[in-house]
Q: 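What follows is a single structure, and I will ask about it in a moment.
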Protein chains: 2
Amino acid sequence: LPLSEKALIRRTRQRAGRAPGVLGIGDDCASVRIPPGHEALVTTDFSLEDVHFRRRLQPAASIGHRCLLRGLSDIAAMGGEPLAVFLSLALPGTLPQSWGDEFLYGLLKLAGDFGITLAGGDTAKSPGKILADIVVLGSVPRGKAILRSSARPGDRIFVTGTLGGAATTLRMLLEDRKKKGPAAELRSYFYPIPRIEVGHILRKKGVASSMIDISDGLSTDLAHICEESGVGAEINADAIPRARYGKLRKEVDLRLALHGGEDYELLFTSSAKTRVPAQIANVPITEIGRIVRGRGIGLTLNNKITRLVPQGWEHFRN
Amino acid sequence: LPLSEKALIRRTRQRAGRAPGVLGIGDDCASVRIPPGHEALVTTDFSLEDVHFRRRLQPAASIGHRCLLRGLSDIAAMGGEPLAVFLSLALPGTLPQSWGDEFLYGLLKLAGDFGITLAGGDTAKSPGKILADIVVLGSVPRGKAILRSSARPGDRIFVTGTLGGAATTLRMLLEDRKKKGPAAELRSYFYPIPRIEVGHILRKKGVASSMIDISDGLSTDLAHICEESGVGAEINADAIPRARYGKLRKEVDLRLALHGGEDYELLFTSSAKTRVPAQIANVPITEIGRIVRGRGIGLTLNNKITRLVPQGWEHFRN
């Protein structure tokens, strides 16, 4: 059965749950209480079929999970806490109802894991492909959000977790070799955990001087930090924590660790004198370089320094 | 020239302006200060090509204006104040740059009229048609939002302005008679003013017991009030303030005033003993019926009562 707009609203409302301080679906707006002394954080992210995902490559629940992940990761990158989520969803009339149900299941499961509720949104029948736009409302103590614009020369550069795993997995799926790799690997691509807790601790302990999430790829997201802060950077290729894959636990290609996006790890800077732990909330933290005066990013590889040109993730080229 | 995603971001950022308490485009999230003692209001609305608008029927600036209007009207219906707007916009690669520029012009002009800034969003290249999703963040004193669920039997029912004008204009445009009517009429369809000020006054003076905006049509939106409040309603067809059009200032068809949407007027209820002015902020206020016990909506027409079945605006049927 195709999922009608009315059925979608009803099913979403049934599953949405309730959270304290949130008045959700069923009125013109949702109202959300912002904790005292906090300011509101807002982020919006499209998840468009054949731009951000392909329907055949992953389960609908994973597409729903990753749709919300994009927003939660942005909240994490400010050192904030999520409060509520809003979903605008347009599905083609030909899509089976089970697809919408599984998409919502994946999205609401992740929301539940972080104690937040689906508080509103919009639905429509799509004239073409699947269209989702996610909005996450969060909060952070006033004036304490960790910005992209506050990196200073001399700061060291760190990343959480490992990089290149998402791009490598996606490449394997696209090449459709039927060697889909061990299930555990696909799971980390299909259902990554947003770094909310790490971001929160980095802010609370005053460790990060600037921060961004690595959604478009290390080279592009580090370039954003540099542009917004008016600084340059030097990173060491050997230091980049590359994801491992396959039975041989082979390291992913360096280019995918540098430019492949969708890992949703955090990149942050820290002043030279700040102590940075080797792991936070069980997530490894790795130093990969430092902030310098000037512009551009230098990459040290085999004792040579080359200029690292941002080659951000372009999802699926049409 | 087609509008590249990068150019769109740059141009949006240049035009977005700044507002006090809002840290906007250029970071992972926008941060927005909520006034003390207020709670946050959030609303999201799709504007999808060939679902909510047709590119050839109206100027791009009007499509941008109406895109934001949908969100502002939801804030008005809670009696709230808008604080910031977020736009997710996906344009096909073939669209001329001027279309995106005019769309943004229309949207930002309306935002400026209400003193709010475009504080963030997302952009993508659309794999198909024009896709926009608007988010408006607003605020209202804590616990003071005017809900859909608080109408009580005995309350009188009021609407602002006139109804059916948008649907009539749209029908004329769709029929493409080349009689596009007087410019002033098209302007009221292309660039309607959201009822923020009226909503604010209704809340502040304690006039409205429940409220909704008429976006889907009177029959559908009154049904929402009834469902959420667990009540019924009786309205009088002769009392409905119908829009007038053409040189003869003819009243629009009753069915379009009852079921045609997109007028973005407010529908509110008020207890029997509350004094309701004949106009608020220069907008006429008209009593059209009353809330009763039970379920469903009765329509009095030519001394007969019939059941009014919600026949909400279905935009463009595909």
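What you see is a predicted model, and the numbers here were worked out from it, not measured in a lab. Chain naming here is simple, since letters A, B, ... match the order of the sequence lines and numbering starts at 1 in each.
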Q: Residues two or more places apart in sequence or in another chain: which of them pass side-chain contact (heavy atoms from CB on, under 4.5 Å) with A:Ile146?
A: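 If we apply the side-chain contact (heavy atoms from CB on, under 4.5 Å) test to A:Ile146, skipping adjacent residues, the hits are A:Arg203, A:Ala208, A:Met211.
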Q: Around atom CD1 of A:Ile201, are there more than 12 heavy atoms of other residues, nucleotides or ligands at under 6.0 Å?
A: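 More than 12 heavy atoms, drawn from other residues, nucleotides or ligands, come within 6.0 Å of this atom.
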Q: Can you tell me how far the CG atom of A:Asp122 sits from the CD1 atom of B:Ile134, to the nearest 0.5 Å?
A: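 If I round to the nearest 0.5 Å, the distance is 12.0 Å.
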Q: Within the supplied structure, the quantity of interest is the number of heavy atoms (other residues, nucleotides, ligands) at a distance under 6.0 Å from B:Ile193 CD1; does it exceed 12?
A: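 Open.
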Q: Which region of B:Ile75, side chain (C-beta onward) or backbone (N, CA, C, O), has a non-hydrogen atom less than 4.5 Å from a non-hydrogen atom of chain A, or is it both or neither?
A: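 It is both, since atoms from each part get that close.
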Q: Can you say whether B:Ala77 sits under 4.5 Å from chain A via the side chain, the backbone, both, or neither, judging by heavy atoms?
A: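 It is both, since atoms from each part get that close.
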Q: Which of residues 34-43 of chain A get closer than 4.5 angstrom to chain B, counting heavy atoms alone?
A: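 Counting heavy atoms that sit under 4.5 Å from chain B, the residues of residues 34-43 of chain A involved are A:Ile34, A:Glu39, A:Ala40, A:Leu41, A:Val42, A:Thr43.
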Q: Can you tell me which portion of B:Arg148 sits under 4.5 Å from chain A's heavy atoms? Options are side chain, backbone, both or neither.
A: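 Contact with chain A involves both backbone and side-chain atoms of B:Arg148.
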Q: Hey, which of A:Ile212, A:Asp74, A:Asp27 has the most heavy atom pairs under 4.5 Å with chain B?
A: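 Ranked by heavy-atom pairs under 4.5 Å with chain B, first place is A:Asp27.
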Q: Does any heavy atom of chain A fall under 4.5 Å from the side chain of B:Leu48, the backbone, both, or neither of them?
A: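 The answer is the side chain of B:Leu48.
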Q: I'd like to check the side chain to side chain donor-acceptor pair (under 3.5 Å) partners of A:Arg55; sequence neighbours left out, ordered by chain and number.
A: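 For A:Arg55, the residues satisfying side chain to side chain donor-acceptor pair (under 3.5 Å) (neighbours in sequence not counted) are A:Glu49.
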Q: Can you name the closest pair of heavy atoms from B:Ala124 and A:His52 and give their distance?
A: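 Looking at all heavy atoms of both residues, the shortest contact is CB-CE1, 4.1 Å.
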Q: Under 4.5 Å from any heavy atom of chain B, what part of A:Val32 do you find: side chain, backbone, both or neither?
A: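 For A:Val32, the contact with chain B is made by backbone and side chain together.
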Q: Once you round to the nearest 0.5 Å, how far does NZ of A:Lys129 lie from OG of B:Ser126?
A: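 Interatomic distance, A:Lys129 NZ to B:Ser126 OG, rounded to 0.5 Å: 8.5 Å.
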Q: Distance-only check: which donor-acceptor pairs under 3.5 Å involve side-chain atoms of residues 81-93 of chain B, not counting sequence neighbours?
A:
| unit_1 | atom_1 | unit_2 | atom_2 | d |
| --- | --- | --- | --- | --- |
| B:Glu81 | OE2 | B:His200 | ND1 | 2.2 |
| B:Ser88 | OG | A:Thr44 | OG1 | 2.9 |
| B:Ser88 | OG | A:Asp133 | OD1 | 3.0 |
| B:Ser88 | OG | A:Asp133 | OD2 | 3.0 |

Q: Which residue out of B:Gly80, B:Ala30, B:Gly138 racks up the most heavy-atom pairs below 4.5 Å with chain A?
A: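 Of the options given, most contacts go to B:Ala30.
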Q: I'd like to verify something: which residue of B:Val136, B:Leu131, B:Val135 has the highest number of heavy-atom pairs under 4.5 Å with chain A?
A: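 Among B:Val136, B:Leu131, B:Val135, the one with the most close pairs to chain A is B:Leu131.
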